[in-house]
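Everything numeric in this text was worked out from a predicted model, so none of it was measured.
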Amino acid sequence: LRGKLRWAFAGGRSSLLTVMYADADSGYDAFALDNGATTFSDEPGEDSQETTAASLRIKGEAGNGLQLLSISSVANSDIVFAYDGDWENELSFLPIVTDYRYRNPRERDSISQEVRLQSLPAARLFGATTDWVLGAFWRRLDEDNRIDSTGEYIETEVRCDPVVSITDRQITSTFSADTLALFGGLDSQLSAKTDVSFGLRIDRWDAEYADNWIDNGVIGGPVTASNFFDPDDTLLGGHVALGHDLNEELRLYARIARGFKAAGFNPSLAALGALPGALGPEFIPYTNEYLWNYEAGLKFLSATGSLAVDISAYFMDRDDAQLSQSSQVDPIDPNSFFFVTSNGDADVIGLDASFAWQVNDPIRIHGSLGLLNSEIDDWSIRPAVTGRDLAHAPSYTVRLGVDWDLPAGWFVRADATASDSFYFDISHDNKSQRYELVNVSAGREFGSWAVALWGRNIFDEDYKTRGFFFGNEPPLFNPTLYTRFGAPRQVGITLQYEY
């Protein structure tokens with residue numbers, strides 16, 4: 001549910017209140033032991049979220065050619081992520097008995113305030129050629145996190161020495177972060193055809209993380225421990241961009257930007273602290289990432305507006321890149337499978353292009369092309385991937401579509417997409433397969449109404465979007481690639497009314 005209420009006041013002042021409530025109650029049962037389309041789980045998981053949020057935007061002139069904008073927001077989210085740890089039922093591995101469950105509820109609260117002071121034409125600088133903005137931003141984030149990991153593995157008839165393993169781990173953690181930022185920007189018209197833009201942002205980030213965990217499955221009694229981290233840092237980013245109009249149809253631009261992503265924590269790693277071979281508590285926190293992006297491109301719009309083309313080439317240098325991988329500590333315990341984010345270094349070079357061509361009144365053709373070459377420069381957790389592509393980074397993606405508008409409001413839409421193969425994860429070297437998908441729709445518009453029959457992935461292509469490589473099947477637990485499929489063929493009808 002979402003509602004908006006707008007007020008207009010004298011003097012050009014206005015405010016906009018937005019209130020939202022969302023309740024997503026989804027299951028999570030996405031993997032099958034045989035990599036088929038039917039799962040074996042007897043404890044299907046949960047991927048739910050209930051969120052209430054609101055924001056208030058107030059805008060108006062502040063006098064002397066200035067405009068003031070205030071943005072206030074608040075949000076509360078209750079989140080649950082749970083799954084069947086072994087992906088099977090009581091009959092899957094008989095006479096071996098396995099039964100694992102994983103549940104991770106979270107509560108997340110945030111409140112933020114942003115204030116911007118912007119120039120109107122009367123307050124432009126340098127001979128009325130330069131617009132400017134100054135602003136401040138504050139946010140408080142609090143999160144309570146709990147992980148319950150339970151299960152049992154009983155093997156009494158397969159080997160001479162029976163194996164019994166009990167998993168019973170709980171962890172509670174809290175995370176809070178305060179962010180205070182100051183930012184400003186200039187947009188200056190150097191001449192009739194050339195403009196330049198500058199931006200600068202400085203963030204002060206202050207966080208606290210604390211956890212307490214207990215492992216009741218350890219032989220000899222439970223093991224307990226706690227961790228506490230309180231990092232703080234100052235982050236600096238910005239950009240400079242130059243644009244030039246060669247003529248009324250063609251524009252060139254170049255941009256250099258430095259972005260950043262604040263540090264964070266791996267609470268799921270702390271829950272494995274009592275297992276031999278687990279990463280130590282020093283891997284729970286990870287540090288800030290900085291990204292230098294160098295980009296140049298062109299934008300073309302024909303005089304008639306029938307053809308538009310955008311092309312950009314870029315190079316990204318990721319310092320202390322926040323890279324994530326999956327791993328498993330205990331081959332018998334599937335709940336010891338975890339994700340960890342840690343810092344490395346990587347770079348990316350690529351090209352993006354798109355076009356839209358109105359061939360004639362009824363036919364419009366459009367498409368895009370993405371070319372990508374990524375490289376991991378350093379990853380201390382698994383040095384073997386140095387020099388390899390990043391995960392989920394296909395070397396090409398292509399889309400081509402056509403829109404055909406027929407008389408009397410009838411229309412046909414079709415588009416095809418293609419993607420090259422990519423590595424599923426940094427923790428292993430298995431890759432997806434390249435794939436192509438076709439989507440179509442046809443319908444009619446009449447007055448305020450429109451109806452369309454559509455189909456996505458109409459040829460029912462099997463394509464894999466995620467892949468993990470680990471041992472999950474007793475008694476040998478041989479490492480196996482387990483994959484998740486993308487959406488199969490979907491067909492539907494959409495009815496639309498505008499008023």
With heavy-atom distances below 4.5 Å as the criterion, would you say the side chains of Ile71 and Leu69 are in contact?
yes

Output the distance between atom CG (Asp144) and atom CZ (Arg106), rounded to the nearest 0.5 Å.
11.5 Å

Within 6.0 angstrom of Trp454 CH2, more than 12 heavy atoms from elsewhere
yes

Decide yes or no for Asn335 and Arg169: does some side-chain heavy atom of the first lie under 4.5 Å from some side-chain heavy atom of the second?
yes

Polar side chain donor-acceptor pair, Asn457 to Asn439, under 3.5 angstrom:
no

Which heavy atom of Ser421 sits nearest a heavy atom of Ser432, and at what distance?
CB-O, 3.0 Å

Determine whether the aromatic ring centres of residues Tyr100 and Tyr102 are separated by less than 6.0 angstrom.
no

Any Tyr153 side-chain heavy atom under 4.5 Å of Thr167 side chain
no

Hey, does the side chain of Arg251 reach the backbone of Leu246 with a donor-acceptor pair shorter than 3.5 angstrom?
no

Do the side chains of Ile284 and Tyr209 get nearer than 4.5 Å, heavy atoms only?
yes

Are Phe470 and Trp87 an aromatic pair, judged by ring center distance below 6.0 Å?
yes

Could you state the interatomic distance from CD (Glu143) to CD (Glu107), rounded to the nearest 0.5 Å?
10.0 Å

Taking side chain as C-beta onward, heavy atoms only, is Arg434 less than 4.5 Å from Tyr463?
no

Check whether any side-chain heavy atom of Leu372 lies under 4.5 Å from a side-chain heavy atom of Tyr314, and answer yes or no.
yes

Search all heavy atoms of Ala278 against all heavy atoms of Val329 and return the closest pair with its distance.
N-CG1, 3.9 Å

Can you tell me how far OG1 of Thr52 sits from CG of Asp78, rounded to the nearest 0.5 angstrom?
8.5 Å

Give me the one residue out of Ile147, Leu272, Asn266 that meets side chain to side chain contact (heavy atoms under 4.5 Å, CB included) with Phe338.
Leu272

For a quick check under 3.5 Å, do Thr179 and Asp203 share a side-chain donor-acceptor pair by atom type?
no

Considering only heavy atoms from C-beta outward, does the side chain of Phe422 approach that of Lys431 to under 4.5 Å?
no

Below 4.5 Å, heavy atoms only, C-beta onward: do Asn430 and Tyr423 meet side chain to side chain?
no

Surrounding CG of Asp361 (heavy atoms of other residues, nucleotides or ligands, distance under 6.0 Å), is the total greater than 12?
no

Atom pair OH (Tyr482) and NZ (Lys464), whose distance is rounded to the nearest 0.5 Å
13.0 Å

Once rounded to the nearest 0.5 Å, what's the spacing between atom CG of Asp317 and atom CD1 of Ile349?
11.5 Å

Judged by atom type as modelled, is there a donor-acceptor pair below 3.5 Å linking the side chain of Asp378 to the main-chain atoms of Gly344?
no

Derivation and outcome, salt bridge (charged side-chain N to carboxylate O under 4.0 Å, His left out), residues Arg388 and Glu375
CA-CA 5 Å; Arg388 206 199 74 178; Glu375 183 175 343; over 6 Å; no

How long is the gap from CD on Glu155 to CD1 on Ile96, to the nearest 0.5 Å?
4.5 Å

Counting N and O atoms only, with roles assigned by atom type, does the side chain of Asp319 sit under 3.5 Å from a partner on the main chain of Tyr290, one being a donor and the other an acceptor?
no

